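A quick write-up on the structure given underneath.
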Amino acid sequence: MTNPESSAAGNFIREIVVQDVKAGKHGRIVTRFPPEPNGYLHIGHAKSICLNFGIAQEFRGICHLRFDDTNPTREEVEYVEAIQADVRWLGFGWGDKLFYASDYFERLYQYAVHLINKGKAYVDSLSADEMRAHRGTLTERGKESLHRNRSVEENLDLFARMKAGEFPDGAHVLRAKIDMASPNINLRDPALYRIRHAAHHRTGNRWCLYPTYDYAHPLSDAIEGITHSICTLEFEDHRPLYDWVVQQADAPCRPRQIEFARLNLSFTVMSKRKLLDLVEKGHVAGWNDPRLPTLKGLRRRGYTPEAIRAFCEHIGVAKRDGVVEMALLEHFIREDLNRRAPRVMGVLRPLKVVIDNYPDGQVEQLDAVNNPEDPGAGIRKVPFARVIYIERDDFREVPPKKFFRLAPGQEVRLRYAYIIKCVGVVKDDRTGEVVELHCTYDPETRSGSSQAGRKVKGTIHWVSATHALPAEIRLYESLFVKADPDDVPEGQDYTANLNPHSLERVTGCLVEPSLAGASPGSRYQFERLGYFCVDPDSAPGKLVFNRTVPLRDSWAKIEKAQH
RNA sequence: UGGGGGAUCGUCUAGUGGCAGGACGUCAGACUCUGGAUCUGACUACCUAGGUUCGAAUCCUAGUCCCCCAGCCA
């Protein structure tokens with residue numbers, strides 16, 4: 001971890017840092033994660049967090065957490081707290097390096113005065129519309145504002161009065177004086193300050209003048225001594241402006257901005273706007289809805305920080321934009337939970353089975369392995385009795401080819417118990433639905449016994465009728481039916497691709513009694529089904545589980561191929 | 001259309017003039033008291049056309065396609 005040369009996952013940014021270190025450019029590497037507190041963190045942020053904090057760790061440097069809170073009209077404390085909790089949950093810390101761009105407002109203001117004095121910034125009094133008209137287009141150069149050549153004294157006076165609150169919103173802005181003819185639109189005298197008579201979540205009403213991102217960000221980086229300012233691709237053509245601001249302000253250091261491609265995940269959306277939209281329009285239940293790619297959603301879904309970090313490590317960092325398959329994220333949570341999650345038995349859709357030759361009233365406590373991947377996890381007792389429930393899917397009256405489960409006349413092993421044979425099927429007279437099975441068991445085949453070696457094709461899970469606990473289980477599918485939710489017919493938007501089956505609440509499930517005290521957040525593998533996590537909605541006597549991800553299911557593939 | 005970026009297996013990603021590699025995925029098979037896990041094997045890629053070179057994913061030239069930018073958002 002501390003030796004850059006031995007780093008498993010190299011990428012072009014680490015390479016740049018290595019070169020800079022070799023060249024002796026920096027005493028110590030300082031990065032930063034700079035969220036705007038106007039929304040919750042999602043897995044795309046996790047990529048950036050892992051990158052920034054990861055590089056700092058790797059080079060024995062430090063990563064700052066800095067809130068980019070320059071726009072009081074969209075930011076709230078609720079988010080700054082949530083963001084800190086999420087970063088911590090992901091497994092990263094920032095020591096005492098917690099900062100806010102708003103902490104720098106006074107210094108930023110002084111830098112602006114400095115720019116005015118140098119003739120590098122001026123107060124413009126054009127309206128927003130006029131400014132837009134003056135900006136030109138992608139192909140036509142812009143026109144200079146008639147206020148562009150105001151005297152330093154006049155600019156200083158106006159700027160001070162803007163700060164003092166003498167003008168309404170929009171009356172004036174402070175602009176960088178760069179080049180209205182630049183082919184890079186960002187350099188056509190961008191706004192540095194705008195008037196906003198709005199209360200800020202940290203500075204209250206002290207200011208009515210707020211810096212823009214393009215101005216506050218580079219200077220905040222410089223003030224903090226950031227060596228490598230890592231951001232996403234869309235800021236690439238802001239880099240000349242970033243450099244301009246730092247240089248013209250005569251800031252104490254010159255951070256290097258490096259851009260990488262943001263994460264896109266198939267079958268979901270990542271933009272703050274769409275996420276907010278989904279929440280506000282009620283397509284999901286909130287920011288922590290388990291179907292969302294938000295950190296809070298993934299957490300509730302049962303994802304571990306370790307799995308998310310492993311995912312971020314493996315997707316790599318590059319400049320080409322692409323879409324990572326959801327299957328890769330699922331791979332990492334399966335890998336993590338396979339190693340760590342205790343196994344239990346639970347039946348989603350119970351089918352009653354009476355074992356005719358098993359003594360009525362007898363109960364056996366059978367040994368069950370808690371985690372075959374982890375011998376240290378030990379064993380537990382699972383009660384077995386005459387009436388049990390099995391998974392409805394594990395029985396077919398007319399078994400298709402390669403169906404290794406229960407069917408009339410067929411044998412199957414009950415996990416950790418006996419081999420049983422189906423000898424009778426009870427149906428509902430009216431609907432024809434199978435409501436109960438009759439089986440016989442072979443007492444010689446008890447799990448672990450000398451005769452247990454007899455082979456049967458299939459093993460299925462079960463719960464004892466009298467001992468099982470009722471539960472609600474929430475099954476999730478992808479939020480969208482298309483890998484690219486934006487792939488819609490003309491005139492429709494991404495919500496047209498919402499998956500109507502993204503949530504299925506299954507009630508009447510039965511789980512083994514050892515789950516009685518399961519606390520919210522704890523994760524299990526329900527054997528043969530998948531990984532599940534106790535939902536915060538769960539309560540004693542009212543268990544609620546979320547399915548994090550199903551187990552890989554090769555039978556489902558075979559069956560699908562048969563159709 | 002001006003500017004800025006980017007194109008390598010289905011997906012993500014290595015590669016910096018010398019055998020195109022890894023991971024996910026998919027398909028087979030082995031094993032298994034989870035149709036899980038594990039193991040084995042297979043699969044499939046350098047945007048195009050020229051050029052330089054003994055040799056090009058890599059260098060050059062000309063194209064093509066994709067993404068970003070015209071907020072007083074970040």
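The structure presented is a predicted model; accordingly, all values stated were derived computationally and were not measured. Residue numbers start from 1 in every chain, and the chains themselves are labelled A, B, ... in the order their sequence lines are given, proteins ahead of strands.
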Study note, to complete from the structure: Between A:Ala327 and A:Thr139, the residue closer to the 5' end of RNA chain B by nearest nucleotide is A:Thr139
With no hydrogens and no angle check, is any side-chain donor or acceptor of [X] less than 3.5 Å from a backbone partner on [Y]?
{"X": "A:Glu364", "Y": "A:Pro383", "result": "no"}
{"X": "A:Tyr104", "Y": "A:Glu224", "result": "no"}
{"X": "A:Asp68", "Y": "A:Tyr213", "result": "no"}
{"X": "A:His461", "Y": "A:Met345", "result": "no"}
{"X": "A:Thr232", "Y": "A:Glu234", "result": "no"}

Separation of [N] [atom2] from [X] [atom1] (nearest whole Å):
{"X": "A:Lys560", "N": "B:U26", "atom1": "NZ", "atom2": "C1'", "result": "12 Å"}
{"X": "A:Phe404", "N": "B:U34", "atom1": "CZ", "atom2": "P", "result": "13 Å"}
{"X": "A:Leu265", "N": "B:U13", "atom1": "CG", "atom2": "P", "result": "13 Å"}
{"X": "A:Glu140", "N": "B:U1", "atom1": "CD", "atom2": "C1'", "result": "10 Å"}
{"X": "A:Arg262", "N": "B:C67", "atom1": "CZ", "atom2": "P", "result": "15 Å"}
{"X": "A:Ile16", "N": "B:U16", "atom1": "CD1", "atom2": "C1'", "result": "14 Å"}
{"X": "A:Glu15", "N": "B:G15", "atom1": "CD", "atom2": "P", "result": "8 Å"}
{"X": "A:Glu330", "N": "B:A37", "atom1": "CD", "atom2": "P", "result": "13 Å"}

Scan nucleotides 41-45 of chain B against the protein and return all N/O pairs shorter than 3.5 Å with their distances rounded to 0.1 Å.
none

Assign [X] to base, sugar-phosphate, or nothing according to its heavy-atom contacts below 4.0 angstrom with the strands shown.
{"X": "A:Ile460", "result": "nothing"}
{"X": "A:Arg343", "result": "base"}
{"X": "A:Phe403", "result": "base"}

**Study point:** Stem segments of RNA chain B by first residue number [Watson-Crick or G-U, under 3.5 Å, at least 3]
**Key:** B:2-7 with B:64-69, B:10-13 with B:21-24, B:25-30 with B:38-43, B:47-51 with B:59-63
Check your understanding: Do A:Thr212 and A:Arg194 get their side chains close enough for a donor-acceptor pair, meaning under 3.5 Å?
Key -> no
Check your understanding: Under 3.5 Å, is there a donor-acceptor pair linking the side chains of A:Glu78 and A:Tyr40?
Key -> yes
Tabulate protein N/O versus nucleotide N/O from nucleotides 8-11 of chain B, keeping only pairs under 3.5 Å, one per line.
from	atom 1	to	atom 2	distance (Å)
B:U8	OP2	A:Arg320	NH1	2.9
B:U8	O4	A:Arg320	NH2	3.0
B:G10	N2	A:Glu325	OE1	3.0
B:U11	O4'	A:Glu325	OE2	3.2
B:U11	O3'	A:Val323	O	3.1
B:U11	O2'	A:Val323	O	3.0

**Study point:** Summary of protein contacts for nucleotides 68-74 of chain B, nucleotide by nucleotide, where a base hit scores B, a sugar-phosphate-only hit scores S (4.0 Å, heavy atoms)
**Key:** BBBSBBB
Rounded to whole angstrom, note down the [atom1] distance from [N] over to [M].
{"N": "B:C43", "M": "B:C47", "atom1": "C1'", "answer": "22 Å"}
{"N": "B:A57", "M": "B:U8", "atom1": "C1'", "answer": "7 Å"}
{"N": "B:C9", "M": "B:G21", "atom1": "C1'", "answer": "11 Å"}
{"N": "B:U13", "M": "B:G25", "atom1": "C1'", "answer": "14 Å"}
{"N": "B:A56", "M": "B:G15", "atom1": "C1'", "answer": "13 Å"}
{"N": "B:U64", "M": "B:C73", "atom1": "P", "answer": "37 Å"}
{"N": "B:U32", "M": "B:C39", "atom1": "C1'", "answer": "12 Å"}
{"N": "B:U58", "M": "B:G51", "atom1": "C1'", "answer": "15 Å"}

Do [X] and [Y] sit within salt-bridge range, that is, some charged N less than 4.0 Å from a carboxylate O?
{"X": "A:Glu306", "Y": "A:Arg339", "answer": "no"}
{"X": "A:Arg66", "Y": "A:Asp103", "answer": "no"}
{"X": "A:Arg14", "Y": "A:Glu313", "answer": "yes"}
{"X": "A:Asp336", "Y": "A:Arg523", "answer": "no"}

Exercise for review: For B:G55, decide between syn and anti, treating a glycosidic angle within 90° of 0 as syn.
Suggested key: anti
Review point. Among A:Val353, A:Val347, A:Leu414, which one satisfies side-chain contact (heavy atoms from CB on, under 4.5 Å) with A:Ile460?
Key: A:Leu414
Check your understanding: Who passes salt bridge (Lys or Arg N to Asp or Glu O under 4.0 Å) against A:Arg148, sequence neighbours left out?
Key -> A:Glu144, A:Asp189
Review point. In chain order, what residues pass the salt bridge (Lys or Arg N to Asp or Glu O under 4.0 Å) check against A:Asp393, with sequence neighbours excluded?
Key: none
Exercise for review: For this output row, return yes or no: ring centroids of A:Tyr524 and A:Phe532 closer than 6.0 angstrom.
Suggested key: no
Tell me whether the side-chain N or O atoms of [X] pair up with the base of [N] as donor and acceptor below 3.5 Å, since no angle test is needed here.
{"X": "A:Gln525", "N": "B:U34", "result": "yes"}
{"X": "A:Arg405", "N": "B:G35", "result": "yes"}
{"X": "A:Glu373", "N": "B:G36", "result": "yes"}

Check your understanding: Think A:Arg415 has a side-chain N or O under 4.0 angstrom from the OP1 or OP2 of B:G35?
Key -> no
Check your understanding: Looking at A:Arg413, A:Arg415, A:Arg528, A:Arg349, which one forms a salt bridge (Lys or Arg N to Asp or Glu O under 4.0 Å) with A:Asp394?
Key -> A:Arg528
